[in-house]
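Working notes for the structure below.
One-based numbering, in listed order, for ligands and for the atoms of each. Just so it is clear, the model here is predicted, and its values are computed rather than measured. Sequential numbering from 1 along the given sequence is applied to the chain's residues.
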Amino acid sequence: MKGFWGGRRRRLAAGADLQDIPLEARPEHVAIIMDGNGRWARKRLMPRSYGHRHGADNLRTITSAAADLGIKYLTVYAFSTENWSRPREEVEALMRLVVEFCRNLDREMEREGVRLRFIGRRDNLPAEVLTTIEETERRSRMRERIQLIVALNYGGRDELVQATRALATAIRAGEIDPDTVDESSLADFTYMPDVPDPDLLIRTGGEQRLSNFLLWQSAYTEFRFTSVLWPDFSAEDLATAVRDFAGRQRRFGGHK
Ligand code: IPE
Ligand code: IPE
Ligand code: MG
């Protein structure tokens, strides 16, 4: 376990590393697929839930590091619409962790100026999880140093189906003329229409796929895949990813 000061020194070192990179060249919105908790635990001959606990701890470290680096939005994949297919004990352990994360970290998140938001389906979440995340969102809504957006029971296809349904309902009600429907009409019904698309998406754990994350929003996102398992992903790793991002040329279909 990292001591508080050890973690802090590392964070400052990571931020200091990037002094030569102006804020405009850094990503405003970083998305992370936090993968590899199970393998991290297995390497230590421990149950998967042990890996998830260390993964949740690491989310605190990385959220603080992201804020120090000037990142304004951090969207993390915590539980997909497909993750319900895991054994019941693992799903329960993950849901318990969400509740603990919200309850135990409120003070720390307040000190760090973190606003918490959740995206994903809410209709089939356990009641305690639902009330906890709603309360956390309410309590943190005035904080503005960084937004931590947690994708919980989230699926990119599901988001698009829900958005399409809401758009169709608005059309049927006569609120929207179908002939005027464009990309922004659909985007307006996604979970976070006010948040810019992610500039950089990082996946830990070695797999190189989206696993149904942010399908709509990642149209022009820069990708970075690393084999580092999520509980080991450090503030330095994040700073390295930001440095690499700053050196990329984004063309958005144009040239130069
Ligand atoms: C990611 O770690 C966390 C969740 C999907 C909830 P995994 O649990 O997928 O870990 P691996 O991929 O099996 O190592
Ligand atoms: C993606 O990881 C979802 C989260 C990190 C929450 P998975 O471990 O569920 O993805 P697959 O099954 O390897 O594609
Ligand atoms: Mg996995």
Would you say atom 2 (O) of ligand 2 makes contact with the protein, given that contact here means a non-hydrogen protein atom less than 4.0 Å away?
yes
For [atom], what's the nearest protein heavy-atom neighbour? Residue, atom name and distance, please.
atom                    : result
atom 12 (O) of ligand 2 : Arg209 NH2, 4.5 Å
atom 10 (O) of ligand 1 : Gly38 N, 2.9 Å
atom 9 (O) of ligand 2  : Asn83 ND2, 3.0 Å
atom 14 (O) of ligand 2 : Ser211 OG, 2.6 Å

Examine the side chains of [X] and [Y] and answer whether a donor and an acceptor come within less than 3.5 Å of each other.
X      : Y      : answer
Asp199 : His29  : no
Ser80  : Asn83  : yes
Ser185 : Asp182 : yes
Gln147 : Arg117 : yes

Heavy atoms only, cut-off 4.0 Å: how does Arg48 contact ligand 1, side chain, backbone, both, or neither?
side chain
Please classify the Phe79 to ligand 2 contact at 4.0 Å (heavy-atom distances, strictly less than): side chain, backbone, both or neither.
backbone
Record the part of Ala78 in heavy-atom contact with ligand 2 below 4.0 Å; permitted values are side chain, backbone, both and neither.
backbone
Over 60° means perpendicular and under 30° means parallel, so classify the ring planes of [Y] and [X], tilted if in between.
X      : Y      : result
Phe223 : Phe225 : perpendicular
Tyr154 : Tyr77  : perpendicular
Trp84  : Phe79  : perpendicular

Could a heavy atom of Arg39 be found less than 4.0 Å from some atom of ligand 2?
no
Of all the N, O or S atoms in Asp35, the one nearest to the Mg ion (ligand 3) is OD1
Would you say the Mg ion (ligand 3) has Glu207 as a near neighbour, meaning an N/O/S atom of that residue under 2.8 Å away?
no
Before signing off on this row, confirm whether Trp40 and ligand 1 have an N or O atom pair separated by under 3.5 Å.
no
Cationic N near anionic O, under 4.0 Å, Arg141 to Glu134
no
Salt bridge Arg96-Glu100, side-chain N to carboxylate O under 4.0 Å
no
Name the residue from Leu130, Val150, Leu125 that meets the side-chain contact (heavy atoms from CB on, under 4.5 Å) definition with Phe118.
Val150
Relative to the heavy atoms of Arg86, which atoms of ligand 2 are at a distance of less than 4.0 Å?
7 (P), 8 (O), 9 (O)
Would you say Gly36 touches ligand 1, if touching means a heavy atom closer than 4.0 Å?
yes
Is the closest heavy-atom distance from Glu207 to ligand 1 below 4.0 Å?
no
Those atoms of ligand 1 less than 4.0 Å from some heavy atom in His52:
3 (C), 8 (O)
